[in-house]
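What you see is a predicted model, and the numbers here were worked out from it, not measured in a lab. Hydrogens, waters and symmetry mates play no part in the numbers below; they use all other heavy atoms, side chains included.
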Amino acid sequence: MDAKQNLPQQDTLTALQALLERQTERTDELRRQLRMLSESMKAILENDTQLSEAAVLAEHATKQIKERKKTLTESPEYRQDRVKSVEMKDELKELEESLNNNLLSYYQQTGVKTFDTTGGEQREFRIHAKVLPKKKGGGHE
């Protein structure tokens, strides 16, 4: 009875091995075919003169764009605008810091997060706290 039970298991194992072999062979064949197709597609792209010419033109256009942008950013008008931009950003930062301090003071005095303008509008604000980085060498230990 033991030999009869072993026979179906052996048949199953043999069938499984045959299936594995067929699937492995098919997998290997598909990989080989895919590699050939990939090489073929690559060759089609590499051997196309229109694509090569377009790539050269694109490279040339990119170079022209970089050169033109450099010329423009070195122009007096651009440099002047850049200086003005930096100055305005600095002024805005200082003004926002002052405004934040004044809004905090206003809130501490009134307990309200809105204020009226002379134009009749009501402006709302938010209290925002920010932790600053530790100062080097000046901290308590």
Undergrad: List the atom pairs, donor and acceptor, that lie under 3.5 Å between side-chain atoms in residues 76-101 and the rest of the protein, sequence neighbours left out.
TA:
from : atom 1 : to  : atom 2 : distance (Å)
R79  : NE     : E74 : O      : 3.2
N100 : ND2    : E96 : O      : 3.2
N101 : ND2    : E97 : O      : 3.3

Undergrad: Would you please name every residue forming a side chain to side chain donor-acceptor pair (under 3.5 Å) with T14, sequence neighbours left out?
TA: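 Testing T14 for side chain to side chain donor-acceptor pair (under 3.5 Å), a comparison that skips the adjacent residues, returns none.
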Undergrad: Quick check for you: to the nearest 0.5 Å, what is the distance between L45 atom CG and S52 atom OG?
TA: 9.5 Å
Undergrad: Does N47 have any side-chain contact (heavy atoms from CB on, under 4.5 Å) partners at least two apart in sequence or in another chain, and if so, which?
TA: A43
Undergrad: For the backbone of L72 and the side chain of S75, can you confirm whether one donor and one acceptor N or O come within less than 3.5 Å of each other?
TA: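 Yes: the side chain of S75 pairs with the backbone of L72.
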Undergrad: Please list, chain by chain and in numerical order, all residues satisfying salt bridge (Lys or Arg N to Asp or Glu O under 4.0 Å) with E29, sequence neighbours excluded.
TA: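 For E29 the salt bridge (Lys or Arg N to Asp or Glu O under 4.0 Å) partners, ignoring immediate neighbours, are R32.
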Undergrad: Strictly by salt bridge (Lys or Arg N to Asp or Glu O under 4.0 Å), give each pair with a member in residues 116-127 just once, sequence neighbours left out.
TA: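 Found none.
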Undergrad: Side chains of residues 61-71: which donor-acceptor partners sit under 3.5 Å, not counting sequence neighbours?
TA:
from : atom 1 : to  : atom 2 : distance (Å)
T62  : OG1    : A58 : O      : 2.9
Q64  : NE2    : H60 : NE2    : 3.3
T71  : OG1    : E67 : O      : 3.0

Undergrad: Checking one residue: L37. Which other hydrophobic residues are in its cluster under the side-chain 4.5 Å linking rule?
TA: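 None; L37 is a cluster of one.
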Undergrad: Applying side-chain contact (heavy atoms from CB on, under 4.5 Å), name anything that partners V131, two or more places apart in sequence or on another chain.
TA: none
Undergrad: To the nearest 0.5 Å, how far apart are CG in L19 and OG1 in T24?
TA: 9.0 Å
Undergrad: Using 30° and 60° as the class limits, which term best fits the ring planes of Y106 and F125: parallel, tilted or perpendicular?
TA: perpendicular
Undergrad: Do Q33 and L30 come within less than 4.5 Å of each other through their side chains, counting heavy atoms only?
TA: yes
Undergrad: With side chain to side chain donor-acceptor pair (under 3.5 Å) as the criterion, how do T27 and Q23 come out once you've worked through the C-alpha distance, each side chain's angles and the decisive distance to 0.1 Å?
TA: CA-CA 6 Å; T27 300; Q23 288 178 330; over 6 Å; no
Undergrad: Under 4.5 Å side-chain heavy-atom separation, chaining through any Ile, Leu, Val, Met, Phe, Trp or Tyr, what else clusters with L57? Say none if it is isolated.
TA: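 None, because no other hydrophobic side chain comes under 4.5 Å of this residue.
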